[in-house]
S.K.: 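Let me begin by handing over the structure; questions about it come next.
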Amino acid sequence: MTQLALVIDLNVCVGCHACVTSCKEWNTSGEAGPMTDKNPYGADPSGTFFNRVQTFEVGEFPCTETVHFPKSCLHCEDPPCVPVCPTGASYKRAEDGIVLVDYDKCIGCKYCSWACPYGARELDEKQKVMKKCTLCVDRIYDESLPESERKPACVMSCPTSARLFGDIHDPESEVSVAIREHGGYQLMPEWGTNPSNHYLPRRKTRIKIHEDELERVDNPLSKEERKRHVGPSEGPSIDDMASW
Amino acid sequence: MHPAFSVIFLTTLIGAGQGLFLALYTSQVYSLFKLLPTQHMGLFYAVGALLAVLLLVAGLVASFFHLGHPERAWRAASQWRTSWLSREVIVLPVAMLFIALWGAAHYHDLTRPLFQAPGGTEVDLTLILGFIATIAAFALFICTGMIYASLKFLQEWHSPLTIINFILLGSASGFLTATTLSALLDTSLTHFYAGWALLFTVAGLVFRGASLIRNKRLRPKSDLRSAIGVRHTNMAQKAQGAMGGSFNTREFFHGKRDSFVRSIKYIFIVLAFVIPAALIIASFYRPGYLLPLLAFGIQYVGLIAERWYFFAEARHPQNLYYQSIA
């Protein structure tokens with residue numbers, strides 16, 4: 001069983017929104033029709049997006065940290081949005097685990113968006129159907145593209161490589177290794193949705209230096225040590241200082 | 001959640017329609033067992049069934065305004081295995097059909113006993129049709145309630161109280177409709193219906209009150225820490241990825257002040273329960289259709305407020321991601 005997913009490294013994301021714009025560009029130009037924008041240049045702009053980058057401030061000044069948080073459909077392994085759909089327009093593909101909406105079957109009742117705790121689904125204001133991240137399903141299997149480009153648009157565009165894409169059910173895939181080795185976690189695990197997308201936490205690199213690493217207790221060159229050895233043959237030799 | 005008037009009208013109108021039918025059928029069963037004086041009620045039941053069907057149709061029409069693509073609504077019957085919404089879409093027309101058939105059978109006086117049940121009860125066509133319609137009406141209450149109660153992370157809704165309240169409030173307003181209709185057409189059943197309407201109104205107050213208390217004491221399971229996976233007690237959103245709002249800010253927030261929402265709560269307690277109960281009690285002493293009609297009208301307005309509050313008080317966990325625009 002394959003479960004395609006994104007792994008997003010919050011330690012690397014700089015919040016540049018390149019994934020947001022590239023996602024919109026790719027998916028608004030596709031066969032499924034545009035992702036409608038309302039008043040894009042007006043006072044109250046609003047539009048459909050599959051992916052948004054949000055920003056949170058953690059801590060209190062001056063000890064604050066800015067966390068940029070890209071959010072899109074998590075392609076849950078147990079998606080609560082799928083069974084509630086009355087028409088079967090929402091479905092999870094058996095072959096790769098992508099959760100998709102059939103825009104021709106969707107009646108726009110919005111019930112699936114109520115059933116998603118993450119707010120990953122957005123109703124297109126013009127087409128009146130529910131839309132969400134497709135993991136660029138029209139791109140990742142496109143054999144006319146070179147193999148290195150068969151990835152979601154957001155992954156291709158990320159300048160810091162904060163986004164990884166692959167099969168989280170394959171224990172040796174890049175994403176599985178990243179989750180395993182860098183503490184990948186799921187959002188809102190309390191609801192049992194088992195999201196496929198994982199996030200890698202912020203990580204700090206610190207070295208721990210102990211006092212005795214800065215000052216040797218038995219330093220033969222210390223004043224006290226030199227006072228103890230006064231004779232010519234008794235003084236500190238090279239053996240006291242070198243480890244060979 | 002943002003209260004949508006299409007859904008508010010759908011749930012209150014079909015609730016009244018189901019309740020009205022249940023009231024009519026209850027009196028038929030009572031007369032069958034000689035608990036009420038038996039008399040010829042065929043025309044009254046037919047008119048009542050027509051009104052019940054009209055209420056259900058009005059609810060159905062209201063629901064179409066909720067859909068982005070009403071022309072595809074027929075597809076919604078396909079996922080009955082998993083979706084309570086799909087089940088509702090199937091049960092609603094079934095209930096309509098059998099209520100209409102039950103009314104038609106009464107209109108055409110098809111009350112010749114078909115067979116005798118053990119115990120000597122004479123079973124006629126209306127009794128069978130009404131029995132099926134009763135099952136459909138209760139199934140519809142359960143489907144409507146489960147649409148909300150099945151969403152586990154909407155903790156305010158995820159409770160048996162949701163379904164109980166849909167049944168009690170729908171029955172209260174339906175029995176009150178039957179009281180009004182009975183008083184208008186001057187049948188002897190007015191007090192019978194009024195008694196039940198009072199019972200359901202009081203029970204509705206008790207159980208709706210219970211759900212208000214339960215919801216007040218709820219603690220949200222999710223917080224920003226589990227939402228973004230950062231462990232700190234002091235976190236604040238600085239940007240949500242859109243400057244002018246989005247579907248997420250429109251669909252899941254009621255956008256009203258807390259004081260407004262609170263006032264709706266008090267308004268519905270008074271309009272849906274207190275005043276109608278008082279008017280029903282008064283109607284026992286002052287016959288006529290005016291008091292029941294007034295009680296029904298005030299209670300219906302109260303139920304609209306109740307349903308508005310039902311949506312507004314539900315806090316969706318996705319709101320954690322949409323706390324601040326910039």
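As the structure is a prediction and not an experimental result, all values here were calculated from the model. In what follows, chains are A, B, ... by sequence order, proteins preceding strands, each numbered from 1.
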S.K.: Looking at A:K151, I'd like to know if its NZ atom is crowded, meaning that more than 12 non-hydrogen atoms belonging to other residues, nucleotides or ligands lie closer than 6.0 Å.
M.R.: no

S.K.: Is the number of heavy atoms from other residues, nucleotides or ligands within 6.0 Å of CG (B:D258) greater than 12?
M.R.: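 No, not enclosed.
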
S.K.: Tell me, side chain or backbone of A:K71 under 4.5 Å from chain B's heavy atoms, or both, or neither?
M.R.: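 For A:K71, the side chain is the part near chain B, not the backbone.
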
S.K.: Please classify the contact of A:V58 with chain B as side chain, backbone, both or neither, using a heavy-atom distance under 4.5 Å.
M.R.: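 Both parts, backbone and side chain.
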
S.K.: Quick one: CG on B:N248 to CZ on A:R121, what's the gap to the nearest 0.5 Å?
M.R.: 12.0 Å

S.K.: Calculate, to the nearest 0.5 Å, the distance between atoms OG and CD belonging to B:S226 and A:E190 respectively.
M.R.: 3.5 Å

S.K.: Check each atom of B:R225 against the heavy atoms of chain A and say whether the ones under 4.5 Å are side chain, backbone, both or neither.
M.R.: neither

S.K.: So, A:Q54 side chain and B:Y321 main chain: donor-acceptor pair closer than 3.5 Å or not?
M.R.: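 A pair under 3.5 Å: yes.
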
S.K.: Counting distance only, does the side-chain N/O of B:R72 pair as donor-acceptor with the main-chain N or O of A:C106 below 3.5 Å?
M.R.: yes

S.K.: Look up atom NE2 in B:H232 and atom CD in A:E57, then write down how far apart they are to the nearest 0.5 Å.
M.R.: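 B:H232 NE2 to A:E57 CD: 10.5 Å, rounded to 0.5 Å.
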
S.K.: Heavy-atom count check: over 12 atoms from other residues, nucleotides or ligands less than 6.0 Å from B:F260 CZ?
M.R.: yes

S.K.: Chain A heavy atoms under 4.5 Å from B:I228: which part of the residue, side chain, backbone, both or neither?
M.R.: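 Contact with chain A is through both the backbone and side chain of B:I228.
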
S.K.: A cation-pi test, strictly: NZ or CZ of B:K238 under 6.0 Å from the centre of the six-membered ring of A:F56 and no more than 45 degrees from its axis. Yes or no?
M.R.: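 Checked: cation-pi criterion not met.
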
S.K.: Less than 4.5 Å to any heavy atom of chain B: does that hold for the side chain of A:C109, its backbone, both, or neither?
M.R.: both

S.K.: Among A:V53, A:D124, A:L123, which residue forms the greatest number of heavy-atom pairs with chain B at distances under 4.5 Å?
M.R.: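 Going by pairs under 4.5 Å, I would pick A:L123.
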
S.K.: With only heavy atoms counted, which part of A:P117 is less than 4.5 Å from chain B, the side chain, the backbone, both or neither?
M.R.: both

S.K.: Roughly how far, to the nearest 0.5 Å, is CG of B:L67 from NZ of A:K110?
M.R.: 9.0 Å

S.K.: What distance separates B:S246 OG from A:F49 CZ, expressed to the nearest 0.5 Å?
M.R.: 9.5 Å

S.K.: Which one, B:E71, B:R250, B:E88, leads in non-hydrogen pairs under 4.5 Å with chain A?
M.R.: B:R250

S.K.: Would you mind checking which part of B:A4 comes under 4.5 Å of any heavy atom in chain A, side chain (CB onward), backbone (N, CA, C, O), both or neither?
M.R.: neither

S.K.: Under 4.5 Å from any heavy atom of chain B, what part of A:E125 do you find: side chain, backbone, both or neither?
M.R.: side chain

S.K.: Tell me, for B:I147 versus chain A, whether the close heavy atoms (under 4.5 Å) come from the side chain, the backbone, both or neither.
M.R.: both

S.K.: At what distance, to the nearest 0.5 angstrom, does CH2 of A:W114 lie from CZ of B:F153?
M.R.: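 A:W114 atom CH2 to B:F153 atom CZ measures 12.0 Å (nearest 0.5 Å).
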
S.K.: Identify which of B:V230, B:L224, B:L320 forms the greatest number of heavy-atom pairs closer than 4.5 Å to chain A.
M.R.: B:L224

S.K.: Determine the minimum heavy-atom distance between B:S222 and A:M188, stating which atoms define it.
M.R.: OG-SD, 3.7 Å

S.K.: When heavy-atom pairs shorter than 4.5 Å are enumerated against chain B, which of A:C85, A:P80, A:P189, A:A89 gives the highest number?
M.R.: A:C85

S.K.: Contact part of B:H316 toward chain A, heavy-atom cut-off under 4.5 Å: side chain, backbone, both or neither?
M.R.: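 Contact with chain A involves the side chain of B:H316 alone.
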
S.K.: Quick one: what part of A:Y199 sits under 4.5 Å from any heavy atom of chain B, side chain, backbone, both or neither?
M.R.: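 For A:Y199, no heavy atom lies under 4.5 Å from chain B.
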
S.K.: Please report the closest heavy-atom contact between B:L85 and A:P86, naming both atoms and the distance.
M.R.: CD2-CG, 3.6 Å

S.K.: May I ask you to check whether B:E251 and A:S113 show a side-chain donor-acceptor distance below 3.5 Å?
M.R.: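 No pair is found: no donor N or O on one side chain lies under 3.5 Å from an acceptor on the other.
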
S.K.: How close do B:A227 and A:L187 get, heavy atom to heavy atom, and via which atoms?
M.R.: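 Taking B:A227 first and A:L187 second, the nearest heavy atoms are O-CD2, 3.3 Å.
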
S.K.: If we ignore hydrogens and angles and just use 3.5 Å, is the side chain of A:T87 paired with the main-chain N or O of B:A76 as donor and acceptor?
M.R.: no

S.K.: At a heavy-atom distance under 4.5 Å, which candidate from A:G42, A:G59, A:P201, A:P45 has the highest pair count against chain B?
M.R.: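 That would be A:G59.
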
S.K.: Looking at B:R217, I'd like to know if its CZ atom is crowded, meaning that more than 12 non-hydrogen atoms belonging to other residues, nucleotides or ligands lie closer than 6.0 Å.
M.R.: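 No, CZ of B:R217 has 12 or fewer neighbouring heavy atoms, counting only those of other groups under 6.0 Å.
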
S.K.: Return the minimal non-hydrogen interatomic distance between A:D44 and B:G244, and the atom names on each side.
M.R.: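 Taking every non-hydrogen atom into account, OD1-O, 3.2 Å.
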
S.K.: Which atoms of A:R202 are under 4.5 Å from chain B, going by heavy atoms: the side chain, the backbone, both sets, or neither?
M.R.: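 For A:R202, there is no contact with chain B at all, as no heavy atom is under 4.5 Å.
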
S.K.: What is the minimum heavy-atom distance between A:E122 and B:F247, and which atoms define it?
M.R.: CA-CD2, 3.6 Å

S.K.: Of all the heavy-atom pairs spanning A:Y111 and B:S150, show the shortest one and how long it is.
M.R.: OH-OG, 3.5 Å

S.K.: Who wins among A:G108, A:G47, A:P83 for the most heavy-atom pairs under 4.5 Å with chain B?
M.R.: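 Ranked by heavy-atom pairs under 4.5 Å with chain B, first place is A:P83.
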
S.K.: Among the options B:P70, B:S86, B:S83, pick out the one with the most heavy-atom pairs lying under 4.5 Å from chain A.
M.R.: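 It is B:S83.
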
